[in-house]
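Protein chains get the first letters and strands the later ones, always in sequence-line order, with residue 1 at the start of each.
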Amino acid sequence: MSFIKKSPWVIHYDGTSCNGCDIEVLTCLTPLYDIERLGVINTGNPKHADILLVTGSVNHQNVEVLHQLYKQMPMPKVVVAIGICATSGGIFAECYNVKGGVNNVIPVDVYVPGCAARPEAIIDGIIKATEILEKKHIEMKQRSKAEKQRSKEKKAAKKNV
Amino acid sequence: MNAFTAILYIIFAPVLGGLLSGFDRVITARMQGRKGPPVFQPYYDVFKLFTKQNAVVNRTQTFFVLLFLVFTIFTGMIFFSGGDILLVIFALTLAAIFLVISAYSTNSPYSAIGAERELAQIMSYEPIVFFTAVGFYIVNGSFSINDFLKAEMPTFLYMPGVFIGFVFILIIKFRKSPFDLSTSHHGHQEIVKGITTEFSGPALAFVEISHWYENILLLGFIYIFFAWNSKFSPIVAISACIIVFVFEIFIDNVFARVKWKLMLQMSWLLAATIVFMNLFLLTLIL
């Protein structure tokens, strides 16, 4: 029974957002929506987090930043793109400085469209993300088991030779 | 108290500590008008952390975190087997130093700030903790915790000033506002998660478990303030522990974080006035 579903820790990154979606994300922490009921903690630290919430789109300056944040998160991890700007660039998609949605830089698992995305939709997105997290966790365990099995077989084969 | 209670401590302290941490989060949430997580949430957090990849900067940091855990358990073992209270205080400080070294070993600026703030915190609470041991010696004539449990009257009645000082520095030791500078319990952003910034996965889980062991140990300190050789002693002492714990949560929710200078000044002022006067009067009376 994996506990990653019951304790998803979140890091929130703001790309080129107008802050509308950011405010809605932080609203989820307030008493009206209280996302801590689900065990969610908004850590500001990628090394502690499981879910990367990205609002706003990607421009030339934050490509490297997003990359760094994603690389620093330990496995298993998921990315949730919140708002239409993070999904595809939104109404700014054709601007000269905007590269588009977050999926141009890092693999996105859940898209939460909206402008601004509603807190209910954001919470829904996080719940979907926890289910994907659990799947990734099971895959990670199976992969490490398979690797151990393979290395055991290799050692046994070497001994026989 | 003997070796058996020490073994009980090793097995049950993380269970109880986790539950305490869960109640802490629920009570904090209710004070803020929210519902809060389920009470067992800290267990879920720790088990989840064990399933995460351990992304370390170097292997030294995990080694020192393990030393921090081992020495915290060792300190608790000494305390709950009725040992020497001075040894308990020194071992606890040593455990804290291991955490500081672990944070320094990562060479990260956020960890370094957290480590320096942790050192300032240790500097702030050490005088009062030491005065507490001295106070127990003056009242009971020995440093052994087994002797404190056989006292004639609760030691609290002899040293209320020392108790006030100890509850004050308990705010620092529990890592609650206004003195949660090095790694805050509730604030999770970068500098404020300071000393634990570079830990992830299992290392972070070990830090959390060590905090549970430490919290039970600190509540044990509150217990011995109210211990005397009567059958009412456990009820009174445990009620005192619960009251102090809820009081700490209340203080946490009411005050904002202060700068390290103010924390140092306030705790040393308290040590020099109320706590020291209490001990001085005790030497005159006893």
| message | Please determine whether a side-chain nitrogen of the Lys or Arg among B:Arg175 and B:Glu118 lies less than 4.0 Å from a carboxylate oxygen of the Asp or Glu. | response | yes
| task | Name the region of A:Leu133, side chain, backbone, both or neither, that has any atom closer than 4.5 Å to a heavy atom of chain B. | result | neither
| query | Which heavy-atom pair separates B:Ser102 from B:Gln61 by the least distance, and what is that distance? | reply | OG-O, 3.0 Å
| said: Looking at chain B, which one of A:Lys5, A:Arg37, A:Glu36, A:Met73 has the largest number of heavy-atom pairs inside 4.5 Å, strictly under? | reply: A:Glu36
| query | With side chains defined as the heavy atoms from C-beta onward, is the minimum distance between A:Ile41 and B:Arg25 less than 4.5 Å? | reply | yes
| query | Which bit of B:Gln32 is near chain A, if near means a heavy-atom gap under 4.5 Å: side chain, backbone, both or neither? | reply | backbone
| message | List the residues meeting side chain to side chain donor-acceptor pair (under 3.5 Å) with B:Glu248, not counting sequence neighbours, and say none if there are none. | response | none
